[in-house]
J.: 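Here it is, the structure, as structure tokens.
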Amino acid sequence: MKSYATPLVLAAVRSLGADVDTVVFEAPRNPEHGDLSTNVAMTLAKQLKKAPRQIAEDIVDALDMDSSIVTEVSIAGPGFINFKFSTGFYGKRLHEVLKIGDSFGRVESGTGKTVNVEYVSANPTGLLHLGHGRNAAVGDTVANILDWNGYDVTREYYFNNAGNQMTMLAKSIHARYMQMEQPDFPMPENGYMGPYIAEIAAEVRQKHGDGFKELSSEHLEVFRSEGEQWCTQRINITMESLGIHHDVLFNEDTLYTEGKIDSVIQRLRDAGYAYDKDGAVWLKLSELGLDDDRVIVKSTGEPTYRLPDIAYHITKLERGFDVVVDIFGPDHIATIPDVMAGCRALGFDDSRIRPLIYQIVALYENGQQVKMSKRTGKSYTLDDLIEELGADVVRFFFIMRGITTPLDFDLDLAREQSDKNPAFYLQYAHARICSVFAKAEVPDVSSVNCDVLQDEHEIALIQQLLRFPEIVERAGRTLEPVTIVEYLREAAASFHRFYHFCPILKAESEDLKQARLALCVMARIVIRNGLSILGISAPNKM
RNA sequence: GCGCCAGUAGCUCAGCUGGAUAGAGCAACUGACUUCUAAUCAGUAGGUCAUAGGUUCGACUCCUAUCUGGCGUACCA
């Protein structure tokens, strides 16, 4: 619609002597306002020094449109110009979409560009929890959205199997190991308390015997590596069950072994943004647009988290990605400006970095928040959720809200195997279409006469489905999974309405039946593609 | 104190680069299964878009201030 109307309106506007390069169209919310609407007349009021309605009239007069395509042009309200398209036009568009087939919705906004999406990135010190779930679902969906926008997408997992946390993991396992013989053996301070630690300890004992009581560095290494293996394996299984696969596993350790950390410090010094004070190395954030300088290397010689984070982002930029997307939880908010400033300090364009920060997840059951116990470490793990609800529902619930909205995960609603559960609404639309095709042949696309589709529900459905590529493109800009979710909800609603009012198999004529079947094919393409962007299955039966 | 995110229907939330009468779902009420799946559909009811100013033809959307809530603010990661 837009591609047809844009050049014509543009020509008409220019013939009035106005200087414009784009005309904005939108689909009016109220169908009485036509199929397409533009506000050019209002935006030009100042430039042309005329009343918006007068300008609108002039534009309409200068407009040269094919009346078999646009049946009605009207002026309404403060100066909107509304267009009504012929039903035949929609039939043609339906034909075009059927020719495109399964790739309908793929757009070119990112063609030729590379993007790195980093998500999950949990360290191998425990099981994944709810926050990781949101991170995983959002990250994977964003990666899918970028893929559909034509980007060359690399999915990356950044993990750290070195440092204090791993030592703490080893000590915690050791303590549980000791407790199998001495129940009062103390846990290390700030140790990991989850029940999985005892599980690992039991495995170590079974595998290596009970001769690891002394906490020598050799023994510690055994506990550490057993713990890492156990956690890594479990994380992989969880990712697998959500259908998530990363292309690159980036180990923080390599930043040290390959000298990247030292090199970044040196480069920051050379650029005049790093200095020594009180035995530590500081980053001059105050000269990079932030308030206070921060330590990047402690007086003990160890780097703070900022330094490897900066070095890691530098490597991503140096690997040549046009866009670097980070999926972070709210606990990372404070560090992001530091990291971006660090990249700026070394001359990189930090607008290439696109941090996405999702808000916290809270679990609700029986109307009450389920609190995690600090003392026992007991809480709902992501595995528990997936096992109970299935991957589709879990993924859907994690992306059904905007990422800046704190997510209340309602367990009771998610458990509901009924119409209350919003995840099923979309899948049901797909299953319904499939059930039609269980009883009818897929029509021959080339010979179907789509012009017979005249009913308002048919036209509304085609209009809705035609918007899909535009939605994918918008999602590529917002990087908000909810953009796709909300659209699919509307598309599914349009389909359900069409299904309710327009009999397909028992249509009045064979022509109409074939045309409606063709419309079902189009609907199935859009819903299936949309669900695949969300990483949710499109069942044939429910 | 400072920073980030939010405040929209009883509840949970959408709302496009600023557009026409602010939309869904749940909960409540009323209807539709002899029918291609009722996990659906149609309808009723429900609103000072936190508050006060400003910008303009036009503000839920942008700006300023205030209030409320969440999170963050280490030579912890």
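Just so we're on the same page: letters track the sequence lines, and every chain starts at 1.
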J.: Quick test of your reading of the model: are A:Arg224 and A:Glu228 salt-bridged, counting only N-O distances below 4.0 Å?
T.: yes
J.: Categorize A:Pro422 for me: base, sugar-phosphate, or nothing, with a 4.0 angstrom heavy-atom threshold over every strand shown.
T.: nothing
J.: Using the P atom as the reference point in each nucleotide, state the distance between B:U8 and B:G3 in Å, no decimals.
T.: 24 Å
J.: May I ask which nucleotide in the shown strands pairs with B:A6, Watson-Crick or G-U wobble, both distances under 3.5 Å?
T.: B:U68
J.: Over how many whole Å does the gap from A:Phe495 atom CZ to B:C41 atom C1' extend?
T.: 13 Å
J.: Roughly how many Å is it from CD1 in A:Ile333 to P in B:A6, rounded to a whole number?
T.: 10 Å
J.: Starting the side chain at C-beta, find the nucleotide from B:U40, B:A77, B:C2 nearest to A:Asp291.
T.: B:C2
J.: Measure across A:Leu461 and A:Ala491 and return the closest heavy-atom pair with its distance rounded to 0.1 Å.
T.: CD1-O, 4.2 Å
J.: Can a salt bridge be assigned to the pair A:Lys316 and A:Glu156 using a cut-off of 4.0 Å between side-chain N and carboxylate O?
T.: no
J.: Check every atom of B:C75, B:U12, B:A42 against the side chain of A:Arg497 and return the nucleotide holding the closest atom.
T.: B:A42
J.: Over how many whole Å does the gap from A:Phe424 atom CZ to B:A38 atom P extend?
T.: 17 Å
J.: Round to the nearest Å and state the distance from A:Asn39 atom CG to B:U17 atom P.
T.: 13 Å
J.: Find the distance A:Asp408:CG to B:G69:C1' and express it as a whole number of Å.
T.: 12 Å
J.: Rounded to whole angstrom units, what separation is found between the CD atom of A:Glu26 and the P atom of B:U61?
T.: 17 Å
J.: Start at the 5' end of RNA chain B and walk down; is the nucleotide closest to A:Val482 or to A:Arg489 reached first?
T.: A:Val482
J.: Does A:His313 use its side chain to pair, donor to acceptor, with the backbone of A:Ile310 at less than 3.5 Å?
T.: no
J.: How many whole angstroms separate atom CE of A:Met166 from atom P of B:A77?
T.: 15 Å
J.: Let me know the distance between OH of A:Tyr358 and C1' of B:G70, rounded to the nearest Å.
T.: 15 Å
J.: Consider the side chain of A:Thr335, meaning its heavy atoms from C-beta on, and name the nucleotide among B:A14, B:A77, B:G70 that approaches it most closely.
T.: B:A77
J.: Does the structure show A:Tyr425 stacking with B:A39, if we require the centres to be closer than 5.5 Å and the planes to be within less than 30 degrees of parallel?
T.: no
J.: Give one of base, sugar-phosphate or nothing for A:Gly402, where a contact means two heavy atoms less than 4.0 Å apart.
T.: sugar-phosphate
J.: Select base, sugar-phosphate, or nothing to describe what A:Ala429 touches, counting heavy atoms under 4.0 Å on all strands.
T.: nothing
